[in-house]
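Right, one structure below, let's go through it.
Residue numbers start from 1 in every chain, and the chains themselves are labelled A, B, ... in the order their sequence lines are given, proteins ahead of strands.
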Number of protein chains: 2
Amino acid sequence: MTADVSLAPGDPGTPSGEPRWLDAEEQRAWRAWLYSSQLLQDRLDRELTHATGISHAYYEILVALSETEGRMMRMSELAERCLSSRSRLSHAVSRLEERGWVRRQVCPDDGRGQLAVLTDDGFAALEAAAPVHVEGVRSHLFDQLSPEQVAAMRDIGETLLRHLGPR
Amino acid sequence: MTADVSLAPGDPGTPSGEPRWLDAEEQRAWRAWLYSSQLLQDRLDRELTHATGISHAYYEILVALSETEGRMMRMSELAERCLSSRSRLSHAVSRLEERGWVRRQVCPDDGRGQLAVLTDDGFAALEAAAPVHVEGVRSHLFDQLSPEQVAAMRDIGETLLRHLGPR
DNA sequence: GCGGAATAGATGAGCCTTCAACTACGCTAG
DNA sequence: CTAGCGTAGTTGAAGGCTCATCTATTCCGC
């Protein structure tokens, strides 16, 4: 049912040298990883959005702000922390501002900079959403895996992060 | 640096019963998995798009079609195979049609149905893109992991798929 | 202190996704 | 045959993301 996929061994020698095609085992591993991560993220985002009106992307922004001293953070730092482009974050913060959950404030140390500040309403929204989110992660991820699988998941994730890097 | 994250232990007892918060280890595992899958998918999509003009989403559609008899598939089946909503697929196929890579054809067995058919131009585009995609998957995923990690990744992915299921 | 390069962030157009209709066809019971 | 329901697919509006561009500020060397 998980049907083999992608990467039909097309014409030999297209870019530079023979492509290193995936064998059947590799394709299964790649597909399983890709499908499971997409489905899990979709599911968590959907459940969170429907239950609380907060998408996972917004949730991450609120969480990041809530964890800092003073519940505020420079825009660029926040973007990096949320794996977001600056433009995307700027748009997102504007929308959160409209909801009254975040406000912008000029950065005292650097006239170019802006601080995104979590408001009390924003914090309250986060507090309401957190239990929904954690229950999703638990039921769809941790409840499904053995402790060994969780350890392996973390190991694999951290290995990949060293390559893909924080940058 | 991977800083602990999300799920600030907010107010006790918000929805029904005390939320099953994540401990520090679980948060690290969750973060590593989330970040690595997001970064990897972003990276692959970006590289493929820039090198070939084909996003990963479009690529998946072309691959799915290329693997069938007659290079054609019912819209709904294709949507399911690509983890896409019907609406999303319908829009995407319209755009692929504009590029001349896919065409629609009424399904002979069912007057309601449509078949998406991969054109020769579409197949050629896929052939050109495949080596780029496979090289990305290899260099950013398989080259980074040991055989044991690959086996574990597949095992974890398949376990999660059984839960998230093709439903 | 002044000119140029670099950095921080905002903005708008265009594409993509989602959601809620909406159309069209098929299936079944009377 | 036909009414009503379910299924297949499309459509358009609204929101979100990307990319290129633009403004404002700081940093650096002289």
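- Hydrophobic cluster membership of B/Val106, counting Ile, Leu, Val, Met, Phe, Trp and Tyr whose side-chain heavy atoms lie under 4.5 Å apart directly or via other members: none, as it forms a cluster of its own.
- Atom-to-atom, CD of A/Gln114 to P of D/dT23 comes out at 17 Å; the value is rounded to the nearest Å.
- The ring pair (Phe, Tyr, Trp, His ring centres under 6.0 Å) search around B/His163 returns A/His140, not counting sequence neighbours.
- Clustering of Ile, Leu, Val, Met, Phe, Trp and Tyr side chains at separations under 4.5 Å places B/Val117 together with B/Met72, B/Leu115.
- Annotation: proximity of residues 90-98 of chain A to DNA chain C (heavy atom, distance under 4.0 Å) is found for A/Ser90, A/His91, numbered in ascending order.
- Rounded to a whole Å, the CG atom of B/Asp45 is 14 Å from the C1' atom of D/dC19.
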Once each nucleotide of nucleotides 20-27 of chain C is scored for protein heavy atoms under 4.0 Å, what B/S/- sequence comes out, 5' to 3'? -----BS-
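- A donor atom on one side chain and an acceptor atom on the other are found under 3.5 Å apart for B/Gln149 and A/Thr159.
- The 5' end of DNA chain C is approached more closely, in terms of each residue's nearest nucleotide, by A/Arg104 than by the other of A/Arg104 and A/Arg46.
- In this structure, the nucleotide among D/dC19, C/dT18, D/dA8 sitting nearest to the side chain of B/His50 is D/dC19.
- Residue B/Ile54 contributes atom CD1, which lies 17 Å from atom C1' of C/dC16 at whole-angstrom precision.
- Distance CD (B/Glu80) to P (D/dA8): 10 Å, rounded to an integer number of Å.
- From A/Glu135, atom CD reaches atom CG of A/Asp143 across 7.0 Å, with rounding to the nearest 0.5 Å.
- In this structure, CD of A/Glu60 is placed 16 Å from P of D/dG16, rounded to the nearest angstrom.
- Donor-acceptor pairing under 3.5 Å is recorded for the side chains of B/Tyr58 and B/Arg95.
- Under the 3.5 Å distance criterion, with hydrogens and angles disregarded, a donor-acceptor pair is assigned to the side chains of A/Arg103 and A/Gln105.
- Atom CD of A/Gln38 is separated from atom P of C/dT17 by 11 Å (rounded to the nearest Å).
- Look at B/Arg88 and you won't find any side-chain N or O under 4.0 angstrom from OP1 or OP2 of C/dC15.
- Residue A/Arg86 contributes atom CZ, which lies 16 Å from atom C1' of C/dT11 at whole-angstrom precision.
- Taking B/Arg112 as the reference, B/Asp110 meet the salt bridge (Lys or Arg N to Asp or Glu O under 4.0 Å) condition, with sequence neighbours excluded.
- Put simply, CG on A/Leu89 is 13 Å from P on C/dA8, counting in whole angstrom units.
- Minimum atom distance to the side chain of A/Arg74 is reached by C/dA8, of the listed C/dA8, D/dC17, D/dT10.
- In terms of modelled atom types and a separation under 3.5 Å, the side chain of B/Ser94 and the main chain of B/Ser90 share a donor-acceptor contact.
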